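These notes concern the structure reproduced below.
This structure is a prediction, so every number in the text was calculated from the model and none was measured.
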Amino acid sequence: MAKYKHIKIPADGKPITVKKGKLSIPNFPIIPVIEGDGIGRDIMKATRRVVDAAVEKTYQGKRRIAWMDVYAGEKAFELYGEWLPKETVAAIRSHIVALKGPLTTPIGGGFRSLNVSMRQLMNLYACVRPVKWFRGVGSPVTHPEKLNVVIFRENTEDVYAGIEWKKGTKEVKKVINWLNKNMGTSVRTDSGVGVKPISVTGTRRLVRKAIKYAIEKKLPSVTLVHKGNIMKYTEGFFKDIGYKVATTEFRSKVVTEEELWDKYNGKMPKGKLLIKDRIADSMFQQVLLRPDEYSVVATPNLNGDYLSDACAAQVGGLGMAPGANIGDYIGLFEATHGTAPKYADKDVINPSSVILSAVMMLDYLGWGKAGERIEKAIQKTIDKKTVTYDLHRQMKGARKIGTSEFATQIIKNMG
């Protein structure tokens, strides 16, 4: 087993491994955990308590998580003098499944974003964001219960590839001159320029993962969201590749929307998965007006960034929104919100985003029963109107409690 400078390997745990293309999960898996910056200190403590209690109540000591603290962000800088130590990345790679809190992005630290850097370094190409409503949580829409969608957002390409040049630099002048001279463009000379790559490789693996998820969970549809009516060779390309993946790799299990009407007169064949696509701007209307028509969404990076936050707003905001970044095997489960430093160490923040991300992690481990126990306990806690301030201000007659007490109530309500 690897030796680390500051990371202490739990003596009572064993690492997760990959055998014959599948994860092999020991009964006491070592799970690296990044506490996070700012409010991460509060919400991660609460999350670990909730997860440990759920696993204990579900498996009666036969299974347990061996947490292994690893470091990124401010604490890493204190320990290592760098924001994202190599041994942190190495530890997550070697242990495969990890949980993290929110991280700050250092000013002048050489990173556009620590989160983006981790995704790119570990090739975590799918950002997975389930969005569903918990009864009683305030919402700006009339029927938030109709929205229950899982968004698969491509993580490594599109504008998030970070290929861009600043206005006025030598580099951008070269790019603009070359484009205008050789490609017949008319880019203004006072422009900043970015490149938006979308590849067969990146799209194929993202859509494949979304379709596999929908089939495994017995969900009715996968929707490809794109702006291909305008960006035909990037976003339109994403749509075309997506359909090709569906109709070649999953032919016996899927029906396209065109086939649905041409071959089946609009009546969905039993046991089949519907593959459809929507233009991005239209999709923002769809999730408001007809949200129950969508179950899994696959999208390029920027569309998915916007759409996942817009959907989260319908069910109570980012405080209730879990997320994960997943590659072929590695899964990094994380809070979807920021560090909110002004609330740090005040024990007031809703920990649900990280707790629900841990629920996703438990499902990824094959420990779904423990995750279901947590979700039911969260719902029961909200039903009893014992909630943190963000939910309290949207609920009549609720009792406002802090982060740690919210975790305690969830544990009490596990049954």
Handout entry: Distance under 6.0 Å and angle within 45° of ring axis: Arg153 vs Tyr160
Key = yes
Practice task
Would you list the pairs meeting side chain to side chain donor-acceptor pair (under 3.5 Å) in which at least one residue belongs to residues 30-50, sequence neighbours left out?
Solution key: Arg41-Asp345, Arg48-Asp69, Arg49-Thr408
Handout entry: Check ion pair Asp328-Arg205 (N to O, under 4.0 angstrom)
Key = no
Problem - Salt bridge flag under 4.0 Å for residues Lys232 and Asp240 - result: no
Exercise for the section: Hey, could you give me the CZ/CG distance between Arg135 and Asp383, rounded to the nearest 0.5 Å? Expected result: 4.0 Å
Problem - Asn148-Trp133 side chain donor-acceptor pair, cut-off 3.5 Å - result: no
Handout entry: Charged N-O contact under 4.0 Å between Lys132 and Glu375
Key = yes
Fill in the blank from the handout: The complete set of ring pair (Phe, Tyr, Trp, His ring centres under 6.0 Å) pairs with one or both residues in residues 325-365, sequence neighbours excluded, reads Phe333-Tyr364, Tyr343-Tyr389
Donor-acceptor contacts under 3.5 Å from residues 284-292 side chains, at least two apart:
from: Gln286; atom 1: OE1; to: Tyr294; atom 2: OH; distance (Å): 2.5
from: Arg290; atom 1: NE; to: Glu293; atom 2: OE2; distance (Å): 2.9
from: Arg290; atom 1: NH2; to: Glu293; atom 2: OE2; distance (Å): 3.1

Exercise for the section: Verify whether one side chain among Arg278 and Thr223 offers a donor that lies under 3.5 Å from an acceptor in the other. Expected result: no
Problem - Short side-chain donor-acceptor distance under 3.5 Å, Glu157 and Asn301 - result: no
Problem - Parallel, tilted or perpendicular: rings of Tyr4 and His95 (30°, 60°) - result: tilted
Handout entry: Polar contact flag, side-chain donor to acceptor under 3.5 angstrom, Lys384-Asn413
Key = yes
Exercise for the section: Say whether His226 and Asn303, considering side chains only, have a donor N or O and an acceptor N or O under 3.5 Å apart. Expected result: no
Practice task
Taking atom types as modelled, find out whether Thr339 and Thr104 have a side-chain donor-acceptor pair closer than 3.5 angstrom.
Solution key: no
Exercise for the section: Look at Lys5 together with Glu82 and state whether they make a salt bridge at an N to O cut-off of under 4.0 Å. Expected result: no
Exercise for the section: Please determine if Glu257 and Lys276 form a salt bridge, counting it only when a charged side-chain N lies under 4.0 Å from a carboxylate O. Expected result: no
